[in-house]
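Working notes for the structure below.
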Number of protein chains: 2
Amino acid sequence: MEAFFHQYLQFSRTFTKKINEHIADLDLYQSQWSIVYYLQKNKAATLVEISNYFQVEKPTITRTVNRLEDRQLIEKVASADKRERRIQLTEKGLDVYDQASAVIDAFEKQLVEEIPKDDLEITFRTIQRLLFKINKEESV
Amino acid sequence: MEAFFHQYLQFSRTFTKKINEHIADLDLYQSQWSIVYYLQKNKAATLVEISNYFQVEKPTITRTVNRLEDRQLIEKVASADKRERRIQLTEKGLDVYDQASAVIDAFEKQLVEEIPKDDLEITFRTIQRLLFKINKEESV
DNA sequence: CATATATAGTTACCTAGGTAACTAATTTTC
DNA sequence: GAAAATTAGTTACCTAGGTAACTATATATG
């Protein structure tokens, strides 16, 4: 079973690295892209919503969002709750989304193109089950 | 297809986090564990051998190996080639291996126990194919 | 054999994940 | 309605991935 998880992490590292290479022209990184992607799909969101969606801790999200804000890819949205930091894509952010989206879609499609649909579905479902199981684990 | 890779990375993050929690008592981290594991299986190795095996860049390996050396879990092995830094586990390192190995084996087994063997095999093979494909990608 | 090239490893610095401890605002509870 | 508890986000600092540029040694080549 060691080999299974070893290989799993191997692909994860390589995949992230390649995504980074593909969007380097846009001065974007994979983790930044994932937030841009989320904001395009969800229009506006708080940091906690993003944190929950990706199951990534808040400080990590804070930092990445700050970088997107520095680059003016996102902007603040008014909110009744003063604790919240609600954000959305700017015009520039949408533009970057469009460009990155094309590159990444092509990359991902090309990656899976020769793999049988059934195998991909089983793989997806298996990872889903692993994810469900690992999330049920009590925190040690 | 976005969902596929999104979920893939999700599990990867959570898995690493849980491994870290499980071996925190041993003052070990997942990446340190992976090198300890490699050295137990391969007796002695150079940093380049480790770097190639995990497909992780040399500076990352240097740093992690330094931490293992600081903790006296590894030691230098004589080498004819003066450029090389050949290392192996110390007694203490072997002891930590035994302890971590037990914890991690149990964790991984429990994670996959309810998943059909066939599904795991297909998943393994599919990731293997993805890995092969992504490694063939010319560097952008 | 002297020079050029390749290889092993390190240093400096970037992004990205984590935890712990904190502030400020909101919600619950008494 | 005041005090307590919860929630949103930040700061500081840890490990872990990356690239670029470097040193030192070993190997190839003319």
Side-chain angles (χ1 to χ4, degrees), chain A residues 9-36 44-71 74 76-77 79-87 139-140, chain B residues 9-36 44-71 74 76-77 79-87 139-140:
Chain A
L9 296 183
Q10 198 101 329
F11 180 76
S12 161
R13 280 192 299 268
T14 311
F15 177 77
T16 303
K17 192 171 165 182
K18 290 286 182 181
I19 291 281
N20 280 334
E21 287 175 8
H22 276 88
I23 58 181
D25 288 346
L26 299 168
D27 270 313
L28 212 59
Y29 286 84
Q30 190 275 329
S31 71
Q32 293 170 12
W33 157 251
S34 68
I35 291 179
V36 167
T46 66
L47 302 212
V48 163
E49 285 163 13
I50 297 171
S51 171
N52 289 337
Y53 180 69
F54 292 109
Q55 294 182 236
V56 162
E57 299 298 329
K58 293 184 294 176
T60 304
I61 303 296
T62 294
R63 188 181 46 203
T64 305
V65 161
N66 285 345
R67 284 178 190 144
L68 292 173
E69 194 167 38
D70 290 345
R71 286 198 51 209
I74 61 168
K76 288 188 184 68
V77 174
S79 167
D81 190 332
K82 282 181 193 161
R83 291 170 305 178
E84 282 184 353
R85 184 176 173 193
R86 190 167 287 272
I87 57 169
S139 305
V140 190
Chain B
L9 297 183
Q10 198 101 329
F11 180 75
S12 161
R13 281 192 299 269
T14 311
F15 177 77
T16 303
K17 194 171 163 180
K18 290 285 181 182
I19 292 281
N20 280 335
E21 288 175 7
H22 276 88
I23 58 181
D25 288 346
L26 300 169
D27 270 311
L28 212 59
Y29 287 85
Q30 190 277 328
S31 72
Q32 293 170 12
W33 157 252
S34 69
I35 290 179
V36 167
T46 66
L47 303 211
V48 163
E49 284 163 14
I50 297 170
S51 170
N52 289 338
Y53 180 70
F54 291 109
Q55 293 181 234
V56 163
E57 299 298 329
K58 293 183 297 175
T60 304
I61 303 296
T62 294
R63 188 180 46 204
T64 304
V65 161
N66 284 344
R67 284 178 190 141
L68 292 174
E69 194 167 38
D70 290 346
R71 286 198 52 212
I74 60 167
K76 289 189 186 66
V77 174
S79 167
D81 190 331
K82 281 181 193 162
R83 293 169 304 177
E84 282 185 352
R85 183 177 172 193
R86 190 167 287 273
I87 56 170
S139 306
V140 190

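To find a chain, count down the sequence lines: A is the first, B the second, and so on, and within it residues start at 1.
- Within the 4.5 Å cutoff, no side-chain heavy atoms of B/Trp33 are placed close to those of B/Leu26.
- Considering only side-chain atoms of B/Gln32, the nucleotide from D/dT19, D/dT15, C/dA8 that sits closest is D/dT15.
- Spacing between atom CD1 of A/Ile35 and atom P of C/dT15 amounts to 14 Å, rounded to whole angstrom units.
- Put simply, CD on A/Gln30 is 15 Å from P on D/dG17, counting in whole angstrom units.
- The phosphate of C/dA16 (OP1 or OP2) has a side-chain N or O of A/Arg67 nearer than 4.0 angstrom.
- Candidate nucleotides D/dA16, C/dG9, C/dA16 were compared by shortest atom distance to the side chain of B/Thr64, and D/dA16 ranks first.
- Comparing A/Lys17 and A/Arg85 along DNA chain D, the residue whose closest nucleotide (by nearest heavy atom) sits nearer the 5' end is A/Arg85.
- For A/Arg13, whose side chain is taken as the heavy atoms from C-beta onward, the closest listed nucleotide among D/dG17, C/dA16, C/dT10 is D/dG17.
- Annotation: side chain of A/Leu47 is in contact with side chain of A/Ile87 (closest heavy-atom distance under 4.5 Å).
- When the C1' atom of D/dG9 is taken as reference, atom CD1 of A/Ile74 falls 14 Å away, rounded to whole Å.
- Computed from coordinates, the B/Gln10 CD to C/dG17 C1' distance equals 13 Å when rounded to whole Å.
- What separates CD of A/Glu21 from P of D/dG18 is a distance of 10 Å, to the nearest Å.
- Under 4.0 angstrom from either OP1 or OP2 of C/dT10 there lies at least one side-chain N or O belonging to B/Thr62.
- Residue A/Thr16 is out of contact with every strand shown, counting any heavy-atom pair closer than 4.0 Å.
- Checked by atom type and distance alone, the side chain of B/Gln10 pairs as donor or acceptor with a backbone atom of A/Tyr53 at under 3.5 Å.
- When distances run from any side-chain atom of B/Pro59 to the nucleotides C/dG17, D/dG9, C/dT11, the shortest one goes to C/dT11.
- Across all strands shown, B/Glu84 has heavy atoms under 4.0 Å from sugar-phosphate atoms exclusively, and none from any base.
- Not one side-chain nitrogen or oxygen of B/Thr60 sits closer than 4.0 Å to the OP1 or OP2 atom of D/dA16.
- Remark: side-chain polar atoms of A/Arg13 are paired, donor with acceptor, to backbone N or O of B/Phe54 under 3.5 angstrom.
- Side-chain to base pairing of B/Arg63 with D/dG17: one donor and one acceptor N or O lie within less than 3.5 Å of each other.
- C/dG17 atom P lies 10 Å from atom CG of A/Asn20, rounded to whole Å.
- For A/Glu57, taking side-chain heavy atoms from C-beta onward, the closest of the listed nucleotides D/dG9, C/dA25, C/dT19 is C/dT19.
- Side chain of A/Lys58, nearest nucleotide from D/dA8, D/dT15, C/dT19: D/dA8.
- Residue contacts for B/Gln55: at a heavy-atom cut-off of 4.0 Å it reaches the sugar-phosphate backbone alone, with no base atom in range.
- Spacing between atom CG of B/Asp70 and atom P of D/dC14 amounts to 14 Å, rounded to whole angstrom units.
- A 4.5 Å side-chain heavy-atom check between B/Leu28 and B/Arg71 finds at least one atom pair inside the cut-off.
- A/Ser51 comes within contact range of no nucleotide atom at all, as no heavy-atom separation falls under 4.0 Å.
- Nearest heavy-atom pair, B/Glu57 versus B/Ser51, reported as atom, atom and distance to 0.1 Å: C-OG, 3.9 Å.
- The interatomic distance linking A/Ile19 (CD1) with C/dA16 (P) rounds to 13 Å, in whole Å.
- Across all strands, A/Ala24 comes closer than 4.0 Å to no nucleic acid atom at all (heavy-atom distances).
- Along DNA chain C, the nucleotide nearest to A/Arg83 and the one nearest to A/Val56 differ in position, and the one closer to the 5' end is contacted by A/Val56.
- Among C/dT15, D/dG17, D/dG9, the nucleotide with an atom closest to any side-chain atom of A/Tyr29 is C/dT15.
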